[in-house]
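Since the structure comes first, as structure tokens, the remarks are kept for the end.
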Amino acid sequence: MAVERYNPREVEPRWQAKWNEADIFTTDNNDPRDKYYVLEMFPYPSGRIHMGHVRNYAMGDVVARYKRARGFNVLHPMGWDAFGMPAENAAMQNKTHPKAWTYENIATMRKQLKSLGLSLDWSREFATCDVEYYHRQQHLFLDFLEKGLIYRKKSKVNWDPVDQTVLANEQVIEGRGWRSGALVEQRELTQWFFKITDFAQDLLESLDTLDQWPEKVRLMQKNWIGRSEGLTLRWEVVSDAAAGEFKEVTVYTTRPDTLFGASFLAIAADHPLALHIAQSNPEVAAFADECRKTGTSLAALETAEKKGMDTGIKVRHPLDPDWELPVYVANFVLMDYGTGAIFGCPAGDQRDLDFARKYGLPVTPVVMPADADASTFEIGDEAFTDDGVMINSRFLNGMTTEAAFEEIASRLEAEMFNGSPRAERKVNYRLRDWGISRQRYWGCPIPVIHCEDCGIVPVPKQDLPVQLPDDVTFDKPGNPLDRHPTWRQVSCPHCGKNALRETDTMDTFVDSSWYFARFTAPWADAPTEPEAANGWLPVDQYIGGIEHAILHLLYSRFFTRAMKETGHVNLKEPFKGLFTQGMVVHETYRLGSGMNGQWIAPADIRIEENDGTRRAFLLSSNEEVTIGSIEKMSKSKKNVVDPDDILASYGSDTARFFVLSDSPPDRDVIWTESGVEGSHRFVQRLWRLIGEAAPHLSEIAANPASEGEALAVSQAAHKTLKAVGEDFDKLAFNKAVARIYELLNALAAPLTKVAEGKADEAYVAAVRDASCILVQIIAPIMPHLAEECWNLIGTGGLVAKAAWPQFDTALVVESEITLPVQINGKKRGELTIARDAHQNEVEAAVLALDFVQNALDGQQPKKIVVVPKRIVNVVV
RNA sequence: GCGGGCGUGGUGGAAUCGGUAGACACAAGGGACUUAAAAUCCCUCGGCCAAGGCUGUACGGGUUCGAGUCCCGUCGCCCGCACCA
């Protein structure tokens, strides 16, 4: 019989409505079953969802639906990371209010997400710009402040001297402001900081407990925290009028063993000594100013050419009073790290070597490889940075690097200089405290008041929330809160005098550092309901982009610790399992070249393919378009595919199935139109095969076959069921998809046979069992299609509420296995033998094989390697 | 610059712990059905030579009975670098 084509436009909204009616995705905190919290990183409401969102949320939804079928009480919420710069940029460009712009975007994107049929608990939805949310964030801020986890200090920002405003790093392009084009300067402001460094050691050590995180993310965090063991070492300044009061310079070094290879000291442009010298030395002052024009991003600083300026000051070597070294100001030494001063050993550090070559400073090799010859070992263009044997280092000669470190450290620790030890062992971290002050409007106001008499006064909790005023304008650069006529005016909670509100708002990373905890009780008056938070947390499976591997995840780990210290939760690690998914990428198309070229959207072209050559043409004019490289979907390159277009033509199930197919989920997926069509063909094929057989299937109860013709059908279904469950447990969605294809291929002929009425009862029962399994394993990926098929087979109820089926153990084990047989490591044939055959039996059977006999040519084999159940290798 | 990752047919990828390289899909080619097209179904599909074999996982080395997988080096691409989210 003929079956109508599957029409997702009709089917998908219908099932979404049924799920709503049955209210099956709303989560009850008091449900006694085992909990499972699956969370995808919440989106920034940029305007419309993109394919990256579809992929991210499809993955989370598969996990949520699968775990629900497995009997867990699943929490799967959604919200909006809604504060941030784009809303202010839009306000400046389009004269819209950030609040209106943001909530309109949220409305659009919520509608788009709902059409995907995600199994989300929408009753817990919030946006970080909701007053109810940032109210509680201010509550947390006050608690952290009270605990001593927050302080103020001076720190640098990118300052645009034309727009008179602070710029984000991404707004600094090649050292210039993105709007004004003016050279950016560094400027110091007093800003608020979270003391993340208090937890540096714990954040580092606890990485070992995160065994469900990708190894690479743990490694990146470890390197980011950057624990090093070294020495602070004081150098005596050779008396000099220019040095003034400065009698010594303290450096931090992790390589005290290379001390005899030192050839200069380098200090940061903002080092107190540099600042002092700059007062009397215009050259140094000019150079330091130049260093300050690089902007504040580390990448910009480090890719800049390494430069320095001799201060004229000299220091004495700690181990030789007759040895004097020059002190440079250098642009690669950072005031934020260590002591803001280093000693340069050109032979043992590439940066120091480049610097020494540039300024004609001596290069003395002090470490050489263990097997090198001390009399001939030289440093050319490359420093020797490995461990080895000490040379040219007086009493250290012949020692290992490690022993030399210990020798220098203990000698200098014991030596007194100006009344205190010359050196001290010190553990240092690269991690810096987290600066959260932003001079912007669209963020969470920092709830403090500045009073002339009382200083900094926290806003009393009963006065929260400190609400953002709505009546602001964006016609001028700078922070609208600063120039608001009345908002700042407030009386001091202490003394009642006129005082001023803090106008800095919080970094948006703060908003995203605890939203996962808020989802557990978004209605709570306090930031969390501890019982709910402790019950649900940690998040069992967190899914998001690799671009958040360091900052967002590290800040969230810090926040959870800080919330523990302030009694809002009682755990340290917020995310038990982490999965980082890849991006969705697409070909680019370009019309014309060079300056006149323009990017063309995929929707505006058609592709022709002849003899393997693909050419693209503009739909409107038939002009040929150049096919460019495959890149991350971005507005600027126009290589975006709007999920709405895909949903309109293929439906949500096809889109979800496609983004989970082919590519491993942690790698990028290339969006291709032909790939989507392939996925859609599968949807139609499954619908047709099930639909044609359904009238017969619905008449007979499911029953797997244990013998006869139908055995193969049941074996295929149960093996796939087992494998797909394991794949879902590992988030290996692409493998699950491949197995689903395989199963449908295996069921195609049996389903047709049933449809044609040529099957006996036992066969139909086995096919029905297999069909139900098929429908249940596709249900997490293609929930609408699954409900429609489920209904057609006449199973009753919703698949979304059905328990995950059990596979039959007897159907998934093989009694015989086929082993590949190699001769000298190359496959030459196969051996089929009982699964539980003993090693001796396998060897005997292999030696009896014709091709083995031929290869041996009468001789004895040198060796036979038998890897049980895997392979046999005969060495002749 | 520093830190992290990736590289397998025409294409996306599979290969669980070092054990049959190319599962599954896309594209392409051929055939069946059709008045025709679409849809569907069947076959072929890394390269080289005729079988049988040789060769092949970015490139160059190494370890091993056996390497896509481990080690060393090179090249290319991607992510992060603290005020994008």
Side-chain angles (χ1 to χ4, degrees), chain A residues 5 41 43-44 46 81 83-86 157-158 166-172 214-217 219-220 222-224 226 296-306 332 336 350-351 431-440 507-509 511-512 545-552 554-555 580 582-583 585 609-614 629 631-632 661-664 666-670 672 674-679 681-682 684-685 688 726 730 732 734-735 737-742 745 748 752 818-822 824-830 862-865 867 870-875:
Chain A
R5 271 178 77 77
M41 291 180 184
Y44 178 78
S46 54
D81 190 10
F83 275 136
M85 285 202 312
V157 293
N158 299 307
V166 176
L167 297 177
N169 281 338
E170 71 155 12
Q171 297 173 318
V172 180
E215 188 55 43
K216 62 177 171 181
V217 174
L219 194 57
M220 279 192 254
K222 183 179 172 215
N223 290 333
W224 185 262
T296 59
S297 113
L298 195 61
L301 290 173
E302 293 205 4
T303 44
E305 192 194 352
K306 309 288 173 287
F332 59 88
D336 286 330
Q350 193 59 43
R351 210 163 43 176
L431 182 68
R432 307 199 301 254
D433 276 334
W434 174 14
I436 59 145
S437 284
R438 297 292 181 270
Q439 293 70 41
R440 295 183 218 294
D507 178 6
T508 56
F509 270 122
D511 312 337
S512 55
I546 183 70
E547 66 273 21
H548 295 292
I550 298 176
L551 291 180
H552 162 61
L554 196 61
Y555 290 154
T580 55
M583 297 178 299
V585 294
E609 184 152 356
N610 269 316
D611 300 327
T613 321
R614 298 174 69 241
S629 60
E631 297 186 44
K632 177 177 179 173
S661 302
D662 291 357
S663 286
D666 54 350
R667 272 205 243 166
D668 293 351
V669 64
I670 302 182
T672 61
S674 57
V676 185
E677 281 164 25
S679 294
R681 267 204 297 279
F682 176 83
Q684 292 293 350
R685 184 165 179 238
R688 186 169 42 78
E726 288 163 2
K730 288 182 291 193
N734 58 322
K735 291 191 214 168
V737 166
R739 292 190 215 280
I740 287 169
Y741 269 111
E742 271 174 317
N745 286 343
T752 306
T818 300
L819 291 175
V821 178
Q822 297 181 328
N824 292 336
K826 283 185 191 273
K827 190 196 164 190
R828 285 292 180 267
E830 287 176 341
K862 238 188 199 166
K863 190 174 175 184
I864 302 179
V865 183
V867 184
R870 293 199 80 83
I871 203 165
V872 182
N873 189 13
V874 183
V875 186

Quiz item: Is any side-chain N or O of A:Arg667 closer than 4.0 Å to OP1 or OP2 of B:rG7?
Solution: yes
Quiz item: With a non-hydrogen cut-off below 4.0 angstrom, is A:Pro43 in contact with a base, only sugar-phosphate, or nothing?
Solution: nothing
Quiz item: Across all strands, who's sitting opposite B:rG1 as a Watson-Crick or G-U wobble pair, both distances under 3.5 Å?
Solution: B:rC81
Quiz prompt | Donor-acceptor pair (no angle test) under 3.5 Å: A:Asn223 side chain, B:rG3 base | solution = no
Practice problem: Scan A:Lys826 against the nucleic acid and name what it touches under 4.0 Å (heavy atoms): base, sugar-phosphate only, or nothing. | Solution: sugar-phosphate
Quiz item: Counting any heavy atom closer than 4.0 Å, what does A:Gln822 reach on the DNA or RNA strands: base, sugar-phosphate only, or nothing?
Solution: base
Quiz item: So, is B:rG5 syn or anti if syn means the angle is within 90° of 0?
Solution: anti
Quiz prompt | Sugar-phosphate, base or nothing in reach of A:Gly545, heavy atoms under 4.0 Å | solution = nothing
Practice problem: Can you tell me, in whole Å, how much space there is between the C1' of B:rG12 and that of B:rG18? | Solution: 26 Å
Practice problem: Indicate whether OP1 or OP2 belonging to B:rA25 is found under 4.0 Å from a side-chain N or O atom of A:Asn745. | Solution: yes
Quiz item: Quick one: does A:Val874's side chain get under 4.5 Å of A:Arg828's, heavy atoms only?
Solution: no
Quiz item: Is A:Val865 close to A:Val872 at the side-chain level, that is, under 4.5 Å between some pair of heavy atoms?
Solution: no
Quiz item: Between A:Glu547 (CD) and B:rC79 (P), how many Å, whole number?
Solution: 10 Å
Quiz item: Atom CH2 of A:Trp224 to atom P of B:rC79: distance rounded to whole Å?
Solution: 16 Å
Quiz item: Base, sugar-phosphate, or nothing for A:His552, non-hydrogen atoms under 4.0 angstrom?
Solution: nothing
Practice problem: Between B:rC81, B:rU20, B:rG4, spot the one nearest the side chain of A:Lys827, thanks. | Solution: B:rU20
Quiz item: A:Arg681 side chain N/O closer than 4.0 Å to the phosphate oxygens (OP1, OP2) of B:rA27?
Solution: yes
Quiz item: For A:Asn169 and B:rA82, is the shortest distance between a side-chain N/O and OP1 or OP2 below 4.0 Å?
Solution: yes
Quiz item: In terms of side-chain heavy atoms of A:Leu298, which of B:rG13, B:rU40, B:rA82 is nearest?
Solution: B:rA82
Quiz item: Is any side-chain nitrogen or oxygen of A:Arg438 closer than 4.0 Å to OP1 or OP2 of B:rC83?
Solution: yes
Exercise. Using a 4.0 Å heavy-atom cut-off across all strands, classify A:Arg685 as base, sugar-phosphate, or nothing.
Key: sugar-phosphate
Quiz item: With respect to the side chain of A:Leu219, which nucleotide from B:rG13, B:rG4, B:rA82 is positioned closest?
Solution: B:rG4
Quiz item: Between B:rA39 atom P and A:Arg688 atom CZ, what is the distance in whole Å?
Solution: 12 Å
Quiz item: Hey, does A:Trp224 have a side-chain heavy atom less than 4.5 Å from the side chain of A:Leu551?
Solution: yes
Exercise. Mind checking A:Ala549 for me? I need base, sugar-phosphate or nothing, with any heavy atom below 4.0 Å counting as a touch.
Key: nothing
Exercise. Could you tell me the separation between the CZ atom of A:Arg440 and the OG1 atom of A:Thr508, rounded to the nearest 0.5 Å?
Key: 9.5 Å
Self-check item: Nucleotide B:rG19, atom P - distance to NZ of A:Lys863 in whole Å
Solution: 16 Å
Quiz item: Given side chains that start at C-beta, do those of A:His552 and A:Asp81 come closer than 4.5 Å, heavy atoms only?
Solution: no
Quiz item: Just checking A:Val865: base, sugar-phosphate only, or nothing, at a heavy-atom cut-off of under 4.0 Å?
Solution: base
Quiz item: Where each residue is assigned the nucleotide of RNA chain B containing its nearest heavy atom, which of A:Gly678 and A:Phe83 is assigned the position nearer the 5′ end?
Solution: A:Gly678
Quiz item: Reckon A:Val166 touches a base, only the sugar-phosphate, or nothing at all at heavy-atom distances under 4.0 Å?
Solution: base
Self-check item: Heavy-atom side-chain contact between A:Val867 and A:Asn873 under 4.5 Å
Solution: no
Practice problem: Mind calculating the distance between CD (A:Glu726) and C1' (B:rA15) to the nearest angstrom? | Solution: 16 Å
Quiz item: Where does the angle between the aromatic ring planes of A:Tyr555 and A:Trp434 fall among parallel (under 30°), tilted (30 to 60°) and perpendicular (over 60°)?
Solution: parallel
Practice problem: State which of B:rC79, B:rC81, B:rG4 makes the closest approach to the side chain of A:Met220. | Solution: B:rG4
Quiz item: How is A:Val821 classified with respect to the nucleic acid when contacts are heavy atoms under 4.0 Å: base, sugar-phosphate, or nothing?
Solution: nothing
Quiz prompt | B:rA25 - base-pair partner by Watson-Crick or wobble geometry, distances under 3.5 Å | solution = B:rU11
Self-check item: Options B:rG4, B:rU40, B:rC84, nucleotide nearest the side-chain atoms of A:Ala168
Solution: B:rC84
Quiz prompt | Where the chi angle of B:rC75 falls, syn if within 90° of 0 and anti if not | solution = anti
Quiz item: Which nucleotide in the set B:rG5, B:rG19, B:rA82 lies at the smallest distance from any side-chain heavy atom of A:Leu551?
Solution: B:rA82
Practice problem: Kindly point out which of B:rC65, B:rU55, B:rC83 is positioned nearest to the side chain of A:Gln439? | Solution: B:rC83
Practice problem: Determine the contact category for A:Lys862: base if any of its heavy atoms lies under 4.0 Å from a base atom, sugar-phosphate if only primed atoms, P, OP1 or OP2 are that close, otherwise nothing. | Solution: nothing
Quiz item: Hey, does A:Leu431 reach any base, or is it just sugar-phosphate, or nothing, if we go heavy atoms under 4.0 Å?
Solution: base
Practice problem: To the nearest Å, give me how far apart CG (A:Asp662) and C1' (B:rC24) are. | Solution: 8 Å
Quiz item: Can you check the A:Ile871 CD1 to B:rA15 C1' distance for me, whole Å?
Solution: 12 Å
Quiz item: Nearest to the side chain of A:Ser297 - B:rA82, B:rU55, B:rC81?
Solution: B:rA82
Exercise. Please determine, for the side chain of A:Pro820, which listed nucleotide (B:rG13, B:rU20, B:rC84) has the closest atom?
Key: B:rU20
Exercise. Calculate the interatomic distance between A:Lys735 atom NZ and B:rA23 atom P; express it in whole Å.
Key: 16 Å
Quiz item: Just checking A:Phe509: base, sugar-phosphate only, or nothing, at a heavy-atom cut-off of under 4.0 Å?
Solution: base
Quiz item: Heavy atoms under 4.0 Å, any strand shown: does A:Asn873 hit a base, just sugar-phosphate, or nothing?
Solution: base
Quiz item: Are OP1 or OP2 of B:rG3 and a side-chain N or O of A:Lys216 less than 4.0 angstrom apart?
Solution: no
Quiz item: Would a 4.5 Å heavy-atom cut-off, applied to side chains only, mark A:Asp662 and A:Arg667 as touching?
Solution: no
Quiz item: Between B:rC41, B:rA23, B:rU20, which nucleotide gets closest to the side-chain atoms of A:Glu830?
Solution: B:rU20
Quiz prompt | Below 4.0 Å: OP1/OP2 of B:rA85 and any side-chain N or O of A:Thr508 | solution = yes
Exercise. Find the partner of B:rA51: check Watson-Crick (N1-N3 plus N6-O4 or O6-N4) and G-U wobble (N1-O2, O6-N3) distances, both under 3.5 Å, and reply none if neither fits.
Key: none
